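Here the structure comes first, spelled out in structure tokens, and everything after it is commentary.
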Amino acid sequence: MNIKSYSLQELENLAEKIRKRILEVVSAKGGHLSSTLGAVELIIGMHYVFDVEKDPFIFDVSHQAYAHKLLTDRWEKFDTLRQFGGISGYTKPSESKYDYFSAGHSSTSVSIAVGAAKAIKLKKEDRTPVVLIGDGAMSAGMVYEALNELGYLKLPVVIILNDNEMSIGKPIGAISKYLTRLKAGKFYQNFKEKFKKILEAAPEDLKYTAKKVEEFFSVNGIWFEEMGLEYIGPIDGHNLEEIIETLKIAKELKKPVVVHAKTIKGKGYKQAEGYYEHWHGVGPFDLKTGEPLKKSSLSATKVYAQKLLEIAKKDEKVVGVTAAMPSGTGMKELMQAFPHRFWDVGIAEQHAVTSMAPMAKEGFKPFVAIYSTFLQRGYDQIIHDVCLDNYPVRFAIDRAGIVGADGETHQGVFDIGYLRILPNITLFAPRDFETLKKAVEFAYNFDKGPSAFRYPRGAFVLPDGVFEASDFELGKGEILVQNDEIMLIAYGNGVGKAYKVHKELEKRGIKTGILDLRFVKPFDKELLRSLKAKKWYVISDNAKEGGIAEMLDSFANEENLNVKIESFEYPDKFIPHGSVDEVERFLGVDYLSIAEKIADENSV
């Protein structure tokens, strides 16, 4: 959609139309809401001032980029948002040529912009990377690494800081507004350049006073300017005229510029306006009332949080941390109950992990609650700061397995592979809500080294009560159903799928056993050696590469076991968005597909 010829009134009408379209689709299908509603005018301004055909548009996390999608050939397809086979909830170059880079994790945008700016300079092209980053993403160290180099290189990059929660240099009254307008004008920018030259030539005894005068004009942006970046703002992030005027100036400067824009989360939908965490990502809801169409049910996250809270009330040595996901990981309740023992460190997984190692060293019992996909961001810290010296840090890995509509960037399928290879760590997993409580208890009592247990988003496949919940014993598996010919070897949430496969095969006259590994490090070698079944089918919600079947295959070769091992883990590819059932059918690892394959191989 080419909007460069639009009048200001037409642009404002377009903003209203975009908000209406976002609300229609997200209320029906679910998705990110408050952040994307708050960024509408900023994105329109980007498209009006810059050229999306050639300028890299880089959205941090990119959950706020719905307006960008609507402006770039996806208006009609927008109602397929986050649906299987539909458009992604994030930017995705394979989806559109206007999406410069895939994104889904926070705080990568400035680094991407620096790399793009270097390439543009080497190619001698006239293009300007444009970044839209939220203030929350500024809590991650990667942003500052990138800003540090950008300030040194002085490459032309425009960074729009979407400040919708915490103010950087709080604007106060009419004087602040006047200074903001002053800084956004050409007179100030020209004056500042001349003033710097005067300052360089001034005698030493005048430089201090002159510097203070300069700082007066930069009071809101001292920090950025000390890093070598120009700063303009704060501006009204919903005033299109002001946004466009400011972005034009930023573009003309041909330098690294931070445009600080103040916005309101949920702008245009009263129920979501302001800081309401539950409006960040939503399921389908009633547009008139804001009430969810589907009531929330018991989840693994809630059970984990409730059990840890119960333990924490009894033992003041229990502490914990999460990285910008207090509600998503269930840590919010613990932070409210014990604000001096449980912390949200912001989007800083590396810091979260490392900070808990000395807590363990000092005799505390730290729990680190982070999504599987985000724990990847603290991988070196797990190795270097936790496992190396064998500190008993407990990792509660939420959102393990397929997470649904968030897709490739969020699927929690790699944690078994990337953790299993680490010395000193202990890995285990519950199969249902009751064994999740047992898992939390085991982690609490386990002080021999680092440990990690994984659990899914939402509910387990296996309902409580199908099998009795027994205590975890280090390295011990459990045979749930005995069989001397075919054994379904499952792990974690995979036990529920194995049970469904088992029941489906029973209908076809094929009997199978079920073995719950419970631990993959150390795993129960003695139990596996004792199995009479010579066909092992591995069922677990993780990547096949580096997964459980590989582990068992290596073990069988070492032990000279005459067994056939087949994996029904996820194939070696990034997994698309969609419901768990839809995606697993697509991958051929849903319980019916597995049962069909096993039946074909074992039919009489």
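In this text, all values refer to a predicted model and were calculated from it rather than measured experimentally. Only heavy atoms go into these numbers, but all of them, side chains included; no hydrogens, no water, no symmetry mates.
Of the possible polar contacts, one joining the Gln271 side chain to the Lys288 backbone as a donor-acceptor pair under 3.5 Å is found. For Arg377 (side chain) and Ser106 (main-chain N/O), a donor-acceptor pair under 3.5 Å exists by modelled atom type. Although no hydrogens or angles enter the test, the distance criterion places a donor-acceptor pair under 3.5 Å between the side chain of Gln64 and the main chain of Asp60. Side chain of His238 to backbone of Ile264: a donor-acceptor contact under 3.5 angstrom is found. Judged by distance alone, with hydrogens and angles left aside, the side-chain atoms of Lys4 form a donor-acceptor pair with the main-chain N or O of Tyr48 at under 3.5 Å. In terms of modelled atom types and a separation under 3.5 Å, the side chain of Asp344 and the main chain of Ala324 share a donor-acceptor contact. For Ser355 (side chain) and Ala352 (main-chain N/O), a donor-acceptor pair under 3.5 Å exists by modelled atom type. Remark: side-chain polar atoms of Arg457 are not paired, donor with acceptor, to backbone N or O of Gly412 under 3.5 angstrom. Lys69 contributes no side-chain N or O that, together with a main-chain N or O of Ser96, makes up a donor-acceptor pair within less than 3.5 Å.
Contacts of Phe59 classified as ring pair (Phe, Tyr, Trp, His ring centres under 6.0 Å), with partners at least two apart in sequence or in another chain: His68. Taking the side-chain hydrogen bond (donor to acceptor under 3.5 Å, both in side chains) definition, one finds that Asn13 meets it with Gln9, sequence neighbours left out. Contacts of Ala400 classified as side chain to side chain contact (heavy atoms under 4.5 Å, CB included), with partners at least two apart in sequence or in another chain: Asp415, Arg454. Legend: residues meeting side-chain hydrogen bond (donor to acceptor under 3.5 Å, both in side chains) with Ser579, ordered by chain and number and at least two apart, are Glu582. Partners of His577 by ring pair (Phe, Tyr, Trp, His ring centres under 6.0 Å), not counting sequence neighbours: none found. With sequence neighbours excluded, the residues forming a side-chain hydrogen bond (donor to acceptor under 3.5 Å, both in side chains) with Lys92 are Glu408, listed by chain and number. Residues passing the ring pair (Phe, Tyr, Trp, His ring centres under 6.0 Å) test with Phe78 are Tyr66, sequence neighbours excluded. For Arg74, the salt bridge (Lys or Arg N to Asp or Glu O under 4.0 Å) partners are Glu95, Asp99, not counting sequence neighbours. Annotation: side-chain hydrogen bond (donor to acceptor under 3.5 Å, both in side chains) contacts of Thr108 (sequence neighbours excluded): none.
Minimum heavy-atom separation, Val403 to His410: CG2-O, 3.5 Å.
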Query raised in the report: So Glu53 and Tyr98, side-chain hydrogen bond (donor to acceptor under 3.5 Å, both in side chains) or not? Walk me through it.
Result: CA-CA 7 Å; Glu53 294 278 355; Tyr98 301 111; 3.0 Å; yes
Requested in this report: Run the numbers on Thr329 and Asp398 for side-chain hydrogen bond (donor to acceptor under 3.5 Å, both in side chains), then give the verdict.
Outcome: CA-CA 7 Å; Thr329 60; Asp398 205 325; 5.9 Å; no
Query raised in the report: Can you list the steps and then say if Glu230 with Lys254 is a salt bridge (charged side-chain N to carboxylate O under 4.0 Å, His left out)?
Result: CA-CA 10 Å; Glu230 299 294 323; Lys254 301 293 182 183; over 6 Å; no
Query raised in the report: When you look at Lys270 and Glu273, which way does the salt bridge (charged side-chain N to carboxylate O under 4.0 Å, His left out) test go after all the steps?
Result: CA-CA 5 Å; Lys270 285 295 181 184; Glu273 286 187 0; 3.7 Å; yes
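For the side chain to side chain contact (heavy atoms under 4.5 Å, CB included) with Val130, the lone residue among Ile160, Val157, Leu247 that qualifies is Ile160.
In this structure the side chain of Phe57 never reaches within 4.5 angstrom of the side chain of Thr72, judged on heavy atoms.
The ring pair (Phe, Tyr, Trp, His ring centres under 6.0 Å) pairs that include a residue from residues 1-34 are His32-His63, His32-Tyr90, His32-His280, where partners are two or more places apart or lie in different chains. Residue pairs meeting the ring pair (Phe, Tyr, Trp, His ring centres under 6.0 Å) criterion with at least one partner in residues 107-153, sequence neighbours excluded, are Tyr144-Trp223.
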Can you give me every donor-acceptor pair (side chain of residues 113-123, partner residue at least two apart or in another chain, under 3.5 Å) with its distance?
unit_1	atom_1	unit_2	atom_2	d
Lys118	NZ	Glu149	OE1	3.3
Lys118	NZ	Glu149	OE2	2.9

